[in-house]
Amino acid sequence: MLKPLVIARREIRSRLFLGTGKFSSSAVMARALEASGAEIVTVALRRVEFENPQDDIISHIDRKKYLLLPNTSGARAAEEAVRIARLARAVTGWNWLKLEVTPEPNYLLPDPVETLKAAELLIKDGFVVLPYINADPVLAKRLQEAGCAAVMPLGSPIGSGRGIKTADQIRIIIQQAMVPVVVDAGLGLPSHVCQAFELGADAVLVNTALAVAKDPVQMARAFKLAVESSLAGREAGPMSEGETATASSPLTGFLR
C-alpha cells in the first residue's frame with residue numbers, strides 16, 4: 001500500500017491529478033477519470049456552471065468520488081483571479097483552488113508577481129491555494145511562506161508534451177519544499193511521470209496527454225501504472241549510482 005499524500009491535512013490516495021479540458025466529449029472524460037484512479041480533478045471555472053447540475057462537465061464528474069479543484073485558468077492578473085475564486089466559492093462553498101495567472105498568450109507562462117499577489121490575498125480570505133508556477137525555486141519558497149498548501153511548478157509549457165525541461169529547478173524546489181510539490185504542465189508520456197517522481201515530486205497533474213490521445217482511456221491507465229510503478233520503486237529504496245562497474249556475481253575462482 002503506497003503512502004497517501006497529505007495536502008492541507010487531507011489525505012489524497014492517488015498522486016495523479018487530472019485536468020478536464022480538450023476531451024472529445026464529457027463521456028470520454030468520465031471514462032478516462034475512472035481509468036486513471038485519480039482523486040483530484042481540476043476544472044476551469046470559466047468553463048462550467050457549478051450551480052447547474054445539468055452542466056455537461058459537472059454532470060459527468062461524481063462529486064462524491066472526486067475532489068474538485070477549481071482553477072482560475074484565463075485570469076491575466078491577480079485581481080481577476082481573486083474575483084473568479086470568490087465567485088466560485090460563493091456558488092460551491094468550496095475553498096480549494098488551483099491558482100493560475102497567465103497573461104502571456106503564446107506559452108501560457110504564469111506571471112510570478114501577480115501569482116504571489118493573488119495567493120496572499122486568497123490565503124488571507126480563507127482559501128486553500130495550490131499555485132501553478134514557473135519552476136522558480138525563489139518564488140516557490142515565497143509562496144510556501146505565504147501559506148500555500150502546495151506548489152505546482154511546470155515541467156514545460158502547458159499542452160506541449162515536451163516533458164520535464166526544468167529538472168534542475170524542480171529538484172531545488174523539492175529540496176526546499178515545506179509543502180507538497182505537484183509537477184504540472186508539459187507531461188506528455190508516462191515516462192515523464194516517472195522522471196517527476198524520480199526527482200522527488202509528490203504528485204503530478206496531467207490533462208492534454210490523455211485528452212488528445214488516440215485512446216484516452218488506455219492512456220489514462222498507462223499514466224496510472226506509471227505513477228504506481230514510480231512510487232513503488234521509490235519507496236522500495238533504489239540503488240545508488242556508481243562511477244565504475246560492480247559485478248553482480250562473485251568473480252573469485254572464475255576462469256582458472
Side-chain angles (χ1 to χ4, degrees), residues 1-7 11-44 47 57 60-62 65-71 73 98 100 108 130 132 135 150-167 170-171 173-174 180-236 238:
M1 179 70 72
L2 298 174
K3 296 178 182 176
L5 173 65
V6 178
I7 299 179
E11 287 194 354
I12 311 296
R13 292 161 297 174
S14 173
R15 306 293 186 104
L16 176 61
F17 301 180
L18 289 192
T20 52
K22 293 187 178 180
F23 285 92
S24 59
S25 72
S26 294
V28 172
M29 175 199 72
R31 293 202 300 273
L33 292 181
E34 179 69 27
S36 74
E39 183 176 343
I40 292 185
V41 179
T42 185
V43 180
R47 294 177 56 227
I57 294 177
H60 283 81
I61 299 175
D62 183 349
K65 182 175 182 180
Y66 300 106
L67 191 161
L68 277 184
L69 181 63
N71 68 63
S73 172
K98 182 188 174 192
E100 297 186 22
L108 296 175
L130 290 74
Y132 166 61
V151 291
M152 306 181 72
L154 60 83
S156 52
I158 288 175
S160 68
R162 297 176 60 200
I164 299 178
K165 303 299 182 185
T166 55
I170 287 178
R171 189 178 289 109
I173 291 172
I174 291 169
V181 177
V182 183
V183 175
D184 182 9
L187 306 182
L189 294 168
S191 60
H192 297 157
V193 167
C194 297
Q195 184 186 5
F197 285 114
E198 287 168 3
L199 288 171
D202 296 290
V204 295
L205 192 150
V206 180
N207 185 168
T208 304
L210 274 58
V212 305
K214 182 178 179 180
D215 186 337
V217 177
Q218 184 174 340
M219 188 62 80
R221 292 193 195 99
F223 270 85
K224 176 186 179 184
L225 292 172
V227 170
E228 293 175 350
S229 175
S230 302
L231 286 171
R234 192 167 80 183
E235 291 186 8

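For the numbers below, each heavy atom of this structure counts, side chains included, while hydrogens, waters and symmetry mates do not. Treat the numbers as computed from the prediction; the structure is a model and nothing was measured.
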Open item on the list: Restricting to non-hydrogen atoms, name the atom on K224 and the atom on G37 that form the minimum distance, rounded to 0.1 Å.
Closed with: CD-N, 4.3 Å
Open item on the list: Tell me the closest heavy-atom pair linking R234 and R15, and the distance in Å.
Closed with: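 The pair with the smallest heavy-atom distance is NH2-NH1, 4.4 Å.
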Open item on the list: Tell me whether S229 contacts the main-chain N or O of L225 through its side chain, where contact means a donor paired with an acceptor under 3.5 Å.
Closed with: no
TODO: Answer yes or no: is there a donor N or O on one side and an acceptor on the other, between the side chain of E11 and the main chain of V6, under 3.5 Å?
DONE: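 Checking the backbone N and O of V6 against the side chain of E11, no donor-acceptor pair under 3.5 Å is found.
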Rounded distance [0.5 Å steps], [atom1] in [X] versus [atom2] in [Y]:
X: F17; Y: L67; atom1: CZ; atom2: CG; result: 9.0 Å
X: E100; Y: S73; atom1: CD; atom2: OG; result: 5.0 Å
X: R13; Y: L5; atom1: CZ; atom2: CG; result: 12.5 Å
X: L69; Y: M152; atom1: CG; atom2: CE; result: 6.5 Å
X: L18; Y: Y66; atom1: CG; atom2: OH; result: 8.5 Å

Which atom pairs, one a donor and one an acceptor, fall under 3.5 Å between side chains of residues 27-36 and the rest of the protein, sequence neighbours left out?
| unit_1 | atom_1 | unit_2 | atom_2 | d |
| --- | --- | --- | --- | --- |
| E34 | OE1 | K65 | NZ | 2.4 |
| E34 | OE2 | K65 | NZ | 3.1 |
| S36 | OG | L33 | O | 2.8 |
| S36 | OG | A38 | N | 3.0 |

Student check: side-chain heavy atoms of [X] and [Y] closer than 4.5 Å:
X: V151; Y: I173; result: yes
X: L210; Y: F223; result: yes
X: I170; Y: P153; result: yes
X: Y132; Y: I158; result: yes

Open item on the list: I need the full list of side chain to side chain donor-acceptor pair (under 3.5 Å) pairs touching residues 153-165, with sequence neighbours left out, sorted by first then second residue.
Closed with: S156-S160
For residues 180-209, dump all side-chain donor-acceptor pairs below 3.5 Å to protein atoms at least two apart in sequence or in another chain.
| unit_1 | atom_1 | unit_2 | atom_2 | d |
| --- | --- | --- | --- | --- |
| D184 | OD2 | K98 | NZ | 2.7 |
| H192 | ND1 | G188 | N | 2.9 |
| H192 | ND1 | L189 | N | 3.1 |
| D202 | OD2 | V181 | N | 2.8 |
| N207 | OD1 | T20 | N | 3.4 |
| N207 | OD1 | G21 | N | 3.1 |
| N207 | ND2 | G21 | O | 2.8 |

